[in-house]
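So the structure is just underneath, and the comments pick up after that.
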There are 2 protein chains.
Amino acid sequence: MDKKYSNYDLDNLDIQILSILMNDASIPYTEIAKKLIVSGGTIHVRMKKMEELGIIKGSQLIINPQKVGFDITAFLGIYLEKGSQYSDAVKQLQDIKEVVELHYCTGQYSMFAKIVCRDTAHLRKVLNEDIQSLTGIQRTETIISLEESIKRQITL
Amino acid sequence: MDKKYSNYDLDNLDIQILSILMNDASIPYTEIAKKLIVSGGTIHVRMKKMEELGIIKGSQLIINPQKVGFDITAFLGIYLEKGSQYSDAVKQLQDIKEVVELHYCTGQYSMFAKIVCRDTAHLRKVLNEDIQSLTGIQRTETIISLEESIKRQITL
DNA sequence: GTTGAAAAGTGCTGCGA
DNA sequence: TCGCAGCACTTTTCAAC
């Protein structure tokens with residue numbers, strides 16, 4: 001057994017390190033070390049361990065989509081003709097770069113997508129030309145976000 | 001007029017820098033400079049400009065929620081008793097840390113939330129105890145994600 | 001606005017406890 | 001396993017173009 005179901009090799013220190021860097025990945029290890037009263041080397045060892053375990057997927061620069069001209073966020077409930085067409089649909093949706101999230105899910109929809117577009121014309125183009133024309137998709141329901149009030153990662 | 005509607009002070013170089021760092025914020029400026037055939041100082045100046053303009057919101061360490069014991073992602077369509085209760089509901093939902101995203105939106109739902117929980121028991125607790133008991137919420141509809149097939153930022 | 005190099009700070013590695 | 005110290009690398013700054 002080389003892998004456990006719950007990867008709870010994390011102690012309090014690990015979790016505190018993650019909590020800090022999940023909010024701001026640019027904080028230096030030395031500063032984290034001071035805050036948690038351990039040495040910088042220890043932070044380094046813990047981070048390396050968590051990277052190797054696959055707990056840490058990497059770091060990303062977070063931008064403000066509206067400031068670069070992407071003003072519309074929409075959610076899309078997708079009905080497939082047959083459930084078996086799921087993996088094929090994923091492949092096709094991967095090529096539509098406006099699709100930033102895609103879930104296979106329970107409930108009324110077969111799939112659920114999050115889409116970010118520049119403006120209403122752009123959204124219409126993505127919905128009518130790009131998505132509706134994919135094979136296997138029966139119909140879609142669109143929910144447009146007028147305001148993103150909360151946006152954060154989980155609290156450990 | 002101190003602010004334009006579209007903040008298109010971004011040239012190709014800015015966009016290329018953002019595109020690289022949006023995927024991996026740990027890539028050093030010197031390496032980006034080599035790739036884009038400019039000096040490290042220029043990267044620095046551009047980054048500083050974009051931070052001041054609010055285009056860059058910061059950087060985050062991206063973790064794998066499943067590896068730290070958060071196995072369930074769900075979407076929640078929320079019906080409010082009155083639309084005017086929106087801002088009050090936001091405040092209350094902010095205190096529920098399992099809510100990682102919240103949108104005010106068009107369509108059948110008043111609000112739309114994304115929730116991350118440890119397991120089904122945890123999800124049930126959040127739905128039944130935390131969310132249903134908030135004031136102003138009429139009812140909710142839950143969509144459970146069985147697989148997150150796509151997860152990325154917008155392509156500039 | 002861009003460059004190139006010097007100064008300051010951070011990350012990494014090995015030895016000792 | 002943790003902490004300390006030295007080396008390598010990166011970021012930051014700045015005078016000059």
Side-chain angles (χ1 to χ4, degrees), chain A residues 1-64 66-69 153 156, chain B residues 1-64 67-69 153 155-156:
Chain A
M1 223 190 296
D2 50 3
K3 231 168 192 176
K4 295 191 304 184
Y5 286 112
S6 63
N7 300 61
Y8 278 178
D9 331 294
L10 297 180
D11 61 11
N12 265 335
L13 182 59
D14 294 321
I15 288 172
Q16 282 181 302
I17 296 169
L18 285 183
S19 298
I20 291 171
L21 292 173
M22 276 165 63
N23 289 319
D24 184 352
S26 70
I27 295 176
Y29 286 4
T30 51
E31 198 177 318
I32 298 170
K34 262 192 291 182
K35 224 177 251 172
L36 304 180
I37 320 179
V38 290
S39 78
T42 302
I43 305 289
H44 186 256
V45 169
R46 299 305 188 97
M47 285 295 289
K48 202 173 150 196
K49 181 192 76 182
M50 292 191 284
E51 276 166 20
E52 279 164 2
L53 285 171
I55 291 167
I56 294 170
K57 285 164 79 177
S59 62
Q60 287 185 339
L61 197 73
I62 308 299
I63 64 155
N64 188 337
Q66 288 175 16
K67 294 258 181 174
V68 289
Q153 286 201 79
L156 297 180
Chain B
M1 222 188 297
D2 50 2
K3 230 166 193 182
K4 296 190 302 183
Y5 287 114
S6 63
N7 300 59
Y8 277 177
D9 330 295
L10 297 180
D11 62 10
N12 264 337
L13 181 59
D14 293 321
I15 288 172
Q16 282 181 303
I17 296 169
L18 286 182
S19 298
I20 291 172
L21 291 172
M22 276 165 62
N23 289 320
D24 185 352
S26 71
I27 295 176
Y29 286 5
T30 50
E31 198 176 316
I32 297 169
K34 261 191 293 180
K35 224 176 250 171
L36 304 180
I37 319 178
V38 290
S39 78
T42 301
I43 305 289
H44 187 254
V45 169
R46 299 303 189 97
M47 285 295 289
K48 205 174 149 194
K49 181 193 78 181
M50 292 193 282
E51 276 166 19
E52 280 163 1
L53 285 171
I55 290 167
I56 293 172
K57 285 165 80 178
S59 63
Q60 287 185 339
L61 196 74
I62 306 301
I63 64 155
N64 188 337
K67 294 258 182 174
V68 289
Q153 287 199 80
T155 308
L156 297 180

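Just so it is clear, the model here is predicted, and its values are computed rather than measured. Letters A, B, ... are given to chains in the order of the sequence lines, protein chains preceding strands, and every chain is numbered from 1. Computation of the quantities below employed the complete heavy-atom set of this structure, encompassing side-chain atoms and omitting hydrogens, waters and symmetry-equivalent molecules.
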>> Rounding to an integer number of Å, can you tell me how far B:Ile32 CD1 sits from D:dC9 P?
In response: 18 Å
>> If you compare every side-chain N and O of A:Arg46 against the phosphate oxygens of D:dT1 (OP1, OP2), does one of them come in below 4.0 Å?
In response: no
>> Measuring from atom CG of A:Leu10 to atom CD1 of A:Ile55, what distance do you get when rounded to the nearest 0.5 angstrom?
In response: 4.0 Å
>> Between P on C:dT10 and CE on A:Met47, what's the gap in Å once rounded to a whole number?
In response: 16 Å
> Using a cut-off of 4.0 Å on non-hydrogen atoms, how would the nucleic acid contact of A:Thr30 be classed: base, sugar-phosphate, or nothing?
Replying inline: sugar-phosphate
> What is the distance from CG of B:Leu13 to P of C:dT3, rounded to the nearest Å?
Replying inline: 9 Å
> D:dT12, D:dC2, C:dG4: which one has an atom nearest the side-chain heavy atoms of B:Ser39?
Replying inline: C:dG4
>> From NE2 of B:His44 over to P of C:dA5, roughly how many Å is that when rounded to an integer?
In response: 18 Å
> Quick one: which of C:dG11, D:dT10, D:dG3 gets closest to the side chain of A:Thr42?
Replying inline: D:dG3
> side chain to side chain contact (heavy atoms under 4.5 Å, CB included) with A:Leu61: which of B:Leu21, B:Asp24, B:Ile27?
Replying inline: B:Leu21
> To the nearest Å, how far apart are A:Ile37 CD1 and D:dG3 C1'?
Replying inline: 15 Å
> In whole angstroms, how far is the P atom of D:dC2 from the CG atom of A:Leu36?
Replying inline: 13 Å
> What's the CD1-P distance between B:Ile27 and C:dG11, to the nearest Å?
Replying inline: 17 Å
> Taking OH from A:Tyr29 and P from C:dT13, how many angstroms apart are they, rounded to a whole number?
Replying inline: 11 Å
> Where each residue is assigned the nucleotide of DNA chain C containing its nearest heavy atom, which of A:Gly41 and B:Val45 is assigned the position nearer the 5′ end?
Replying inline: B:Val45
> Could you give all pairs that pass the side-chain hydrogen bond (donor to acceptor under 3.5 Å, both in side chains) test and reach residues 48-58 of chain B, with sequence neighbours left out?
Replying inline: B:Asp14-B:Lys49
>> Looking at A:Lys67 and B:Leu53, would you say the former's side chain and the latter's main chain have a donor-acceptor pair under 3.5 Å?
In response: yes
